[in-house]
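Here's the structure we're looking at; comments come further down.
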Amino acid sequence: MNNKRLWTRDFIAVWAINFLLTLIFYLLLVTIASYAKTQFNASTSMAGLASGICIIGASLGRLLAGRVIGDKGSKKILFIGILSFIVTSAFYFGAVSLSLLLVNRFLHGFTLGIASTATGTIMAQVIPHDRRGEGVGYYSLSAILATAAGPFIGILLIQYSNFRMVFLFNLILSIIGFAISLFVREPEVRSAQVQSKTEKSFQLSSFLEFKALPIAMVTFIISFAFSGVLTFMSFYTLEINMSQAASVFFLVYAFTVLVSRPFSGRLLDLKGPNVVVYPCLVIFAAGMFLLSHATFQVTLLLSGVVIGLGYGNVQSCAQAISIKIVPPHRLGLATSTYFIFYDLGLGVGPYILGFLIPFVGYRGLYEMMILVILLAAILYYFFHGRKAALE
């Protein structure tokens with residue numbers, strides 16, 4: 001068997017599963033708030049909670065999965081995670097009150113965190129070590145495509161059908177994901193010594209990979225900055241009379257990432273992370289500058305291209321770094337550590353930034369994010385960049 005192969009059966013399978021999981025996540029993210037308001041007469045803040053509480057559940061699910069995946073095996077955790085994901089997908093039909101909806105949203109996120117951590121770990125296990133940047137780049141395209149397709153499909157479903165059809169569609173997709181998981185094989189990377197040690201250890205290192213923490217903290221700041229784009233783009237474009245361009249912005253962003261990620265991942269493998277990360281952070285900041293000064297639709301869409309080149313590639317490179325610096329038996333913890341901080345940035349960002357908007361406005365907010373991105377570049381230098389330059 002050629003150990004340098006990237007597109008193996010297992011890689012394709014976990015790629016497809018991750019696409020389906022992320023598609024469901026984003027589809028519900030843009031529709032569940034509307035469902036909470038129309039079905040249960042929820043306030044705007046409670047409707048927002050119904051949308052965002054899933055991210056909290058996902059973070060806790062990743063924390064648990066990262067702890068046990070080294071002991072139980074990523075295939076078994078994937079199996080359990082997707083089965084639980086199917087159950088919580090079906091529970092939406094029985095959520096007859098706002099309280100039950102909130103509980104199920106949390107549990108749905110929890111099971112998503114478990115399943116997606118398992119797919120990310122299997123991905124890291126099956127790709128060749130010297131092609132991890134390229135492999136992560138291709139793998140993360142599954143999430144990028146789902147990020148564009150999920151909101152688009154969700155809005156179409158609530159426009160032309162009803163919320164029960166949304167829930168049924170998600171349930172069918174989750175069952176398909178489970179069927180695909182049956183064909184995934186798990187490579188054996190654990191030793192008896194490692195397994196015995198992790199089963200008996202309940203220290204913080206049993207839940208987080210400390211070697212991945214520095215790059216995960218940089219990721220937190222980067223995703224914090226991007227959360228302002230993800231959450232407030234529709235409000236911003238409405239304010240500047242470009243509301244029709246909001247959905248096109250994310251399509252342009254997704255297409256740019258789709259085209260550029262394979263090249264950035266391969267460049268990381270050949271030249272090292274600094275050659276990719278520093279330019280991408282500068283490009284990300286430039287995209288924020290264009291966004292904050294957009295007065296024409298072409299400028300707004302151009303900012304989508306630039307942000308896609310910057311943020312879209314630095315995010316996958318950071319994930320590749322997090323799994324390159326750990327031994328094989330810690331890949332699960334490294335994957336969960338990375339995504340916990342990534343989710344945390346996307347989750348707390350809108351809440352904190354929302355307090356700033358009444359004082360600085362949307363343009364001022366995006367200008368402030370330029371400084372946040374430059375802070376991420378400085379932290380990257382001290383946390384990883386200067387060490388990587390010596391290797």
Subject >> Aromatic plane relationship, W7 with F11 - under 30° parallel, 30 to 60° tilted, over 60° perpendicular >> reply: perpendicular
>> Is there a path of hydrophobic side-chain contacts, each under 4.5 Å between heavy atoms of I/L/V/M/F/W/Y residues, joining F91 to L27?
In response: no
**Message:** Ring centroids only, cut at 6.0 angstrom: are Y253 and F226 within range, meaning strictly under it?
**Reply:** yes
| task | Report yes if the distance between the aromatic ring centroids of Y380 and Y278 is under 6.0 Å, otherwise no. | result | yes
Rounded to the nearest 0.5 angstrom, the CG-CD1 distance for L171 and I176 is 10.0 Å
Taking the ring centre of each residue, are F167 and Y35 less than 6.0 Å apart? yes
To the nearest 0.5 Å, atom OG1 of T256 lies from atom CG of L251 at 10.5 Å
With sequence neighbours left out, the residues meeting salt bridge (Lys or Arg N to Asp or Glu O under 4.0 Å) with K211 are none
Residues joined to F255 in its hydrophobic cluster, side chain to side chain under 4.5 Å directly or through other members, sorted by chain and number, are V259
Check: When the aromatic ring centroids of Y366 and Y236 are compared, is their separation below 6.0 Å?
Finding: yes
Rounded to the nearest 0.5 angstrom, the CD1-CG distance for I180 and N18 is 11.5 Å
Between the OG1 atom in T119 and the CD1 atom in I82, the distance rounded to the nearest 0.5 Å is 7.5 Å
Under 3.5 Å, which donor-acceptor pairs link side chains of residues 294-306 to any protein atom two or more places apart or in another chain?
unit_1 : atom_1 : unit_2 : atom_2 : d
S303   : OG     : L300   : O      : 2.4

Taking C-beta and beyond as the side chain, do W15 and M123 meet within less than 4.5 Å on heavy atoms?
no
Same cluster for L365 and F359 if Ile/Leu/Val/Met/Phe/Trp/Tyr side chains link at under 4.5 Å? yes
